[in-house]
Amino acid sequence: MKKILETERLCLREFTLNDAAFVQQLVNTPSWLEFIGDRNIRSLEASQNYIQNSLLQSYATNGFGLWLMELKETKIPIGMCGLVKRDSLEDIDIGFALLPEFGRKGYTYEAAKATMNYAKDTLNIQKIVAITDTKNVASIGLLNKIGLQFKKELQLSEDDTVLLFS
């Protein structure tokens with residue numbers, strides 16, 4: 001497994017197929033389902049397919065992707081954070097998700113801030129954007145905290161309007 005970056009309390013590394021149980025847990029948390037959407041991942045096999053076809057594919061194609069966020073001392077996985085290249089967006093965007101029991105401790109801010117620096121300093125990506133659900137107050141606050149400003153509402157699909165930050 002390839003380590004991408006380290007912060008004071010966290011290690012961000014590439015996902016592997018061995019992370020399937022964690023991914024299945026994360027994508028079925030209430031906040032993921034509400035704000036990111038149901039990926040219909042209900043089995044380890046579906047989780048491994050998602051890792052293979054989405055996460056690992058992004059590393060191979062783009063040289064970056066969403067990374068597993070784990071506590072440095074215990075190696076316990078707590079979430080994901082990283083960079084996404086979507087067909088629906090012109091620029092690369094930052095994304096993050098956290099297991100609810102690790103929320104409100106500054107982990108996502110720590111990971112997102114480090115990811116922004118990594119994108120700029122290591123990957124030479126000059127512009128990072130973010131999209132979030134219009135009702136995701138925590139995400140909006142965090143995007144502002146890492147220096148992104150609200151730009152406009154974006155219609156991704158017929159029933160999916162998001163806020164674009166840049």
Side-chain angles (χ1 to χ4, degrees), residues 4 9-59 62 64-71 74-89 91-116 128-146 148 150-166:
I4 302 300
R9 302 178 295 168
L10 301 170
C11 176
L12 270 67
R13 65 164 174 83
E14 289 186 353
F15 278 91
T16 70
L17 292 176
N18 295 334
D19 298 313
F22 169 72
V23 168
Q24 184 181 347
Q25 181 188 2
L26 183 66
V27 302
N28 288 294
T29 59
S31 60
W32 181 294
L33 293 171
E34 180 182 355
F35 296 126
I36 299 171
D38 191 345
R39 294 285 187 265
N40 204 20
I41 297 171
R42 307 278 186 268
S43 67
L44 278 182
E45 188 185 354
S47 184
Q48 287 176 330
N49 287 338
Y50 172 74
I51 292 170
Q52 187 70 55
N53 301 325
S54 182
L55 303 174
L56 302 184
Q57 184 62 49
S58 179
Y59 307 150
N62 304 312
F64 57 78
L66 290 164
W67 303 303
L68 182 113
M69 203 191 306
E70 64 186 10
L71 298 176
T74 59
K75 299 278 186 252
I76 293 172
I78 64 168
M80 64 168 58
C81 183
L83 303 166
V84 184
K85 180 67 193 113
R86 298 174 203 272
D87 296 336
S88 56
L89 287 179
D91 298 295
I92 292 161
D93 74 294
I94 185 169
F96 41 79
L98 195 65
L99 290 176
E101 59 267 34
F102 295 100
R104 312 213 54 80
K105 293 180 173 68
Y107 292 127
T108 312
Y109 170 72
E110 200 173 303
K113 188 87 183 133
T115 297
M116 292 293 282
I128 297 285
V129 300
I131 54 173
T132 189
D133 186 279
T134 54
K135 299 179 292 301
N136 194 338
V137 178
S139 183
I140 292 167
L142 180 61
L143 294 174
N144 285 325
K145 199 171 169 183
I146 61 171
L148 297 178
F150 170 74
K151 291 296 181 231
K152 63 182 178 186
E153 271 197 11
L154 207 58
Q155 197 81 26
L156 286 187
S157 66
E158 206 173 287
D159 53 355
D160 192 12
T161 301
V162 296
L163 304 179
L164 177 72
F165 288 74
S166 177

Are side-chain heavy atoms of [X] and [Y] found at a separation under 4.5 Å?
| X | Y | answer |
| --- | --- | --- |
| Ile4 | Phe64 | no |
| Met69 | Met80 | no |
| Cys81 | Leu12 | yes |
| Asp133 | Val162 | no |
| Leu56 | Ile51 | yes |
| Thr115 | Trp67 | yes |

I'd like to know if the side chain of [X] reaches the main chain of [Y], judged simply by a donor and an acceptor atom lying under 3.5 Å from each other, with no hydrogens or angles considered.
| X | Y | value |
| --- | --- | --- |
| Tyr59 | Leu66 | yes |
| Gln57 | Gln52 | no |
| Gln155 | Glu158 | yes |
| Thr29 | Leu26 | yes |
| Asn28 | Ile41 | yes |
| Asp38 | Asn40 | yes |

### Task
Would you mind telling me which of Ile131, Leu154, Ile140 makes a side chain to side chain contact (heavy atoms under 4.5 Å, CB included) with Leu163?
Ile140

Interatomic distance, [X] atom [atom1] to [Y] atom [atom2] [nearest 0.5 angstrom]:
| X | Y | atom1 | atom2 | result |
| --- | --- | --- | --- | --- |
| Ile128 | Leu143 | CD1 | CG | 12.0 Å |
| Ile94 | Thr132 | CD1 | OG1 | 12.0 Å |
| Leu148 | Phe165 | CG | CZ | 8.0 Å |
| Glu70 | Ile76 | CD | CD1 | 9.5 Å |
| Leu68 | Leu55 | CG | CG | 9.5 Å |
| Lys105 | Leu71 | NZ | CG | 9.5 Å |

### Query
Any idea how Phe22 and Phe15 line up, ring-wise: parallel (<30°), tilted (30 to 60°), or perpendicular (>60°)?
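Ring orientation of Phe22 relative to Phe15: parallel.
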
### Message
Using every non-hydrogen atom in the two residues, find where Ser47 and Ala20 come nearest and quote the distance to one decimal.
### Response
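Heavy atoms of Ser47 and Ala20 come nearest at OG-O, 2.6 Å.
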
### Task
Could you tell me which non-hydrogen atom of Leu89 sits nearest to which non-hydrogen atom of Lys85, and how far apart they are?
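So the minimum-distance heavy-atom pair works out to O-NZ, 2.9 Å.
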
### Ion pair check, Asp19 and Arg13, cut-off under 4.0 Å
yes

